[in-house]
Amino acid sequence: MSKIAHVIVDVPIMQTDQPFTYLVPQEIDEAVEVGVRVEVPFGNGNRHIQGFVVGIDFLNNQTEDSDQLKPLVGVLDLHPVVNDELLQLADEMAKTTFAFKITCLQTMLPSVMRSTYKKWLVAVKDVPQHIEEEVFLGLGERDWEEIKESSYLSELHRLRQAGCVDVRYEVTTKNKVKTMKVVTANLPREMLLDIQANTRKNAHQKHRLLNFFIDAQEGEFSVKELVEEHDLSRQVIKEAAELGWLLEEEREVYRDPYKDRVFQQDEALVLNDEQQVALDRVTKATSENKNEVFLLEGITGSGKTEVYLQAISNVLDEGKTAIMLVPEISLTPQTVTRFKRRFGDKVAVLHSGLSQGEKYDEWRKIERKEAQVVVGARSAVFAPLENIGLIIIDEEHETSYKQDESPRYHARNLAIWRGEYHRCPVLLGSATPSLESRARAQKNVYHLLQLTKRASDNAILPTVSVVDMRRELKQGVTGSFSTPLLTELTERLEKKEQSVLMLNRRGYSSFMMCRDCGYVLPCPNCDISLTLHMDTKSMKCHYCGHEEGIPQCCPICDSKKIRYYGTGTQKVEEELQQLLPDARILRMDVDTTRKKGSHERLLQKFEAQEADILLGTQMIAKGLDFPNVTLVGVLNADTALNLPDFRSSERTFQLLTQVSGRAGRGEKLGQVIIQTFNPEHYAITLAKNQHYEAFYQHEMNLRRQGKYPPYYYTVQLVVSHEEELQAAKKMHEIANKIKQALTPQAIILGPTPKPMARMNRRYFYQTVIKYRFEENLGRVLEEILQESQKDIRSGLRVSIDMEPQHFI
DNA sequence: AGCACGCCGACT
DNA sequence: GTCGGCGTGCTC
């Protein structure tokens, strides 16, 4: 009876999106189980690739078809890296997002566990001398990448046929475990004393070492620590180990990014009655194992986080675990500290600021059940926790919870799936819930919990005023700062209070334009203008990363009057510095926060009041909590309003509400000034009044009329090709096919070129489908994907995005 | 994806 | 007649 394994192989295409069956060699029989990664030979050439074991079987009669199966090469893991639940989740994800199973599986794991491949040419026998010298350089083996262009290729091909040379495939996975050498006393205390008595007096090192272990008696000590802090040499430790006094061992260590920080433990705060009601409802669901979804709608400052913390604490008390998702952008040191203070070592943090190795270590901490609470961004929804008692998604309206590449999953949906699996509640929280979630709460699909009061009594809602920039313009203000905003800023400087200024970068950038002929410097690959970056002194494309020098004169008319336009943070900073020469300004944007830890340093500086004004993009809108900030200014509230996206009002409202919440977090009264060219727009007037409910009603009405989510579902199909005609043709073909399969109730928008029609030298066409009930939709989309496979060779790419978050 | 196979034109 | 170009099919 021979063991066989069903394996999902690392070839992300449709034809291989299914398990392949391999024989399990006797020698590694024990190690091969469901959920481990394996190395398998694949295809005609038997190149070696990584795969995931998704099933195990046994063959009774060996004669039948076992001779058609290839044996797998080896095992890459000692223990399964995906359990049964996550395997099921991968299947679910593949099905609902139209992604490949292998892509889903890889997405769930830290990136270090993705294998890299290398091909070697190996000399076997009778290799001609000139090949030996020119190709193998006398080494007997050569990296294929280095010789695949060589002129000996055909000769090598013949030699391979003759068996003189061979190809070796290498699969490497970088999930290295960091280790540390530790020593323990290997002999009882009496014997150590005995040894010490017989050791020469002038062997100072040995005496010191023996004394140390006689005093310390038990415990493990790292060699590094002994050398650095107890004045012992590596040599004497090694000798002691050889003599059998000490026992040397390699210990795994975690790269703990927070190892140098001491987190002072804190205690649960007293909740107000609203918070208490919310907590009780959630806790009741967790302890009764009820799979319910709660929507916690609470104004900024209403203490949602404290409810999360106490709910998690209750879950831990029941011996269960919890996941807390926060948007990447608000996974700030402040947030992390808050969790570390409450739960100490029980917390694992997963976010993009960590190195690959650090991420892997945090993941391993979870997998080995050393962490019970996981705090992280989108992908933390895959945390390999068992016995989950609660999943929380903070700022649930954030679009970053949806991945914008394959697999295009929404963390909220997967969290709810896991909630069902574990029979535990899911808690969605936001001051400005997405219309989708809020509507579900309305229909009692989710349970609505509301926090309407600020948590601490002395914190009052800030006053919000809107400045009409059209009027300012008429009065001769041409810059980024209105008179009221400047007045307030000046006043804050005098009072030694701090201000936060936000520049809404969405739909905005600073570009070079010739004043004489109007020429705008474009990206050679994409359909947009290049953006000026002063820090690197270059022009960059925000879409494809193309970079070139700053032009000194216009490439078309040769005029020297080529200047930059638009409002980047750097330019605003300069403008502000001129207006307020004494102000200490901190700029925070992608340029000043690119380096690791710089984000944190900037905030610390601001917190220590080493600056008066924090000027930044969207990233300052979330989660920051500085008591001395009494003024928040939004320089351009409406740049996003004009984008061709039905969610642009919703985004603007959310952003303004959120940034307003940054003012007056302490005891002083806060003020918010919103500058806009659309002062009557409902997204702005309602944000001014912090009136979510009214916004919800108004926007729902528009969505109903416009047949948009949450009344309708949406799918976006995108076709791209290097030639515009090819992309357009295929898109029309697909759109026609869809039209035929769907009911007349479905609304098909397009095909149209995407607003950003060319990106990375490719042309994009899209079709959006709005629908309510379409039985055939899933099947047709599957067919479209299937049929598009043969077009891949001609350079066509087709993507399907269920419930897209961005339409541009 | 990446490998082998097979069918064509250009060359010894 | 053969070398190497690229289009096609398949991968346990």
Side-chain angles (χ1 to χ4, degrees), chain A residues 2-26 28-29 32 34 36-76 94 99-107 114-122 143-163 165-173 405-407 721-722 726 785-799:
Chain A
S2 48
K3 192 169 172 176
I4 56 171
H6 302 291
V7 177
I8 299 285
V9 293
D10 184 10
V11 182
I13 52 158
M14 222 160 185
Q15 292 101 307
T16 55
D17 192 33
Q18 47 165 348
F20 285 78
T21 311
Y22 287 88
L23 283 173
V24 179
Q26 208 82 68
I28 52 171
D29 186 331
V32 177
V34 172
V36 295
R37 293 174 305 153
V38 287
E39 179 178 337
V40 295
F42 196 68
N44 276 337
N46 278 326
R47 71 203 160 96
H48 291 188
I49 55 174
Q50 189 194 78
F52 287 83
V53 177
V54 294
I56 295 286
D57 257 323
F58 295 93
L59 281 184
N60 289 324
N61 43 348
Q62 265 119 321
T63 49
E64 199 187 329
D65 49 4
S66 69
D67 49 338
Q68 288 163 36
L69 301 180
K70 293 178 185 175
L72 47 82
V73 179
V75 190
L76 299 175
F100 307 120
K101 291 189 180 74
I102 188 67
T103 322
C104 296
L105 286 164
Q106 316 246 53
T107 305
R114 186 168 301 191
S115 290
T116 49
Y117 305 117
K118 209 168 174 182
K119 188 177 166 182
W120 296 88
L121 193 68
V122 190
D143 186 339
W144 182 259
E145 283 301 305
E146 294 171 9
I147 52 170
K148 68 174 181 201
E149 311 272 281
S150 95
S151 52
Y152 299 108
L153 222 54
S154 49
E155 195 173 354
L156 290 170
H157 198 75
R158 275 191 298 275
L159 287 168
R160 189 173 173 206
Q161 230 106 79
V165 300
D166 202 2
V167 170
R168 183 170 69 86
Y169 295 95
E170 196 178 270
V171 174
T172 28
T173 172
E405 59 186 56
S406 179
H721 194 272
E722 289 194 4
Q726 294 294 319
L785 223 47
Q786 199 69 251
E787 285 166 20
S788 71
Q789 291 304 297
K790 59 183 193 308
D791 301 318
I792 289 178
R793 276 220 166 85
S794 64
L796 262 165
R797 273 181 232 160
V798 176
S799 86

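So you know, we letter chains A, B, ... as the sequences are listed, proteins then strands, and number each from 1.
- Here the side chain of R160(A) is nearest to one of dT8(C), dA1(B), dA4(B), namely dA4(B).
- Judged purely by distance below 3.5 Å, without hydrogens or angles, the side chains of T173(A) and R37(A) pair a donor atom with an acceptor atom.
- Taking atom CG of residue N44(A) and atom C1' of nucleotide dC5(B), one finds them 8 Å apart after rounding to whole Å.
- The interatomic distance linking R168(A) (CZ) with dC3(B) (P) rounds to 15 Å, in whole Å.
- A sub-4.0 Å separation between OP1 or OP2 of dA4(B) and a side-chain N or O of R47(A) is absent.
- Between the base of dG4(C) and the side chain of R158(A) there is no donor-acceptor pair shorter than 3.5 Å.
- Counting only N and O atoms by type, the side chains of Q106(A) and D10(A) include a donor and acceptor under 3.5 Å apart.
- Residue-environment remark: CD (E722(A)) stays at or below the threshold of 12 foreign heavy atoms within 6.0 Å.
- If you take CG of D10(A) and C1' of dA1(B), they are 9 Å apart, rounded to a whole angstrom.
- Atom OH of Y152(A) and atom P of dG4(C) are 14 Å apart (whole Å).
- What separates CE of M14(A) from C1' of dG2(B) is a distance of 20 Å, to the nearest Å.
- Between K790(A) and the phosphate of dG9(C), there is no side-chain N or O to OP1/OP2 separation shorter than 4.0 Å.
- Contact check, T16(A) against dT11(C): no side-chain N or O comes under 4.0 Å of OP1 or OP2.
- Residue F42(A) is classed as a base contact, given a heavy-atom separation below 4.0 Å to a base.
- Distances shown here put a side-chain N or O of Y169(A) below 4.0 Å from the OP1 or OP2 atom of dC3(B).
- Exactly one residue among L796(A), D791(A), V798(A) makes a side-chain contact (heavy atoms from CB on, under 4.5 Å) with H721(A). That residue is L796(A).
- Taking only side-chain atoms of K119(A), from C-beta outward, the nucleotide of dT11(C), dG4(C), dC3(B) with the closest atom is dC3(B).
- When rounded to the nearest whole Å, the span between CG of D17(A) and P of dT11(C) equals 16 Å.
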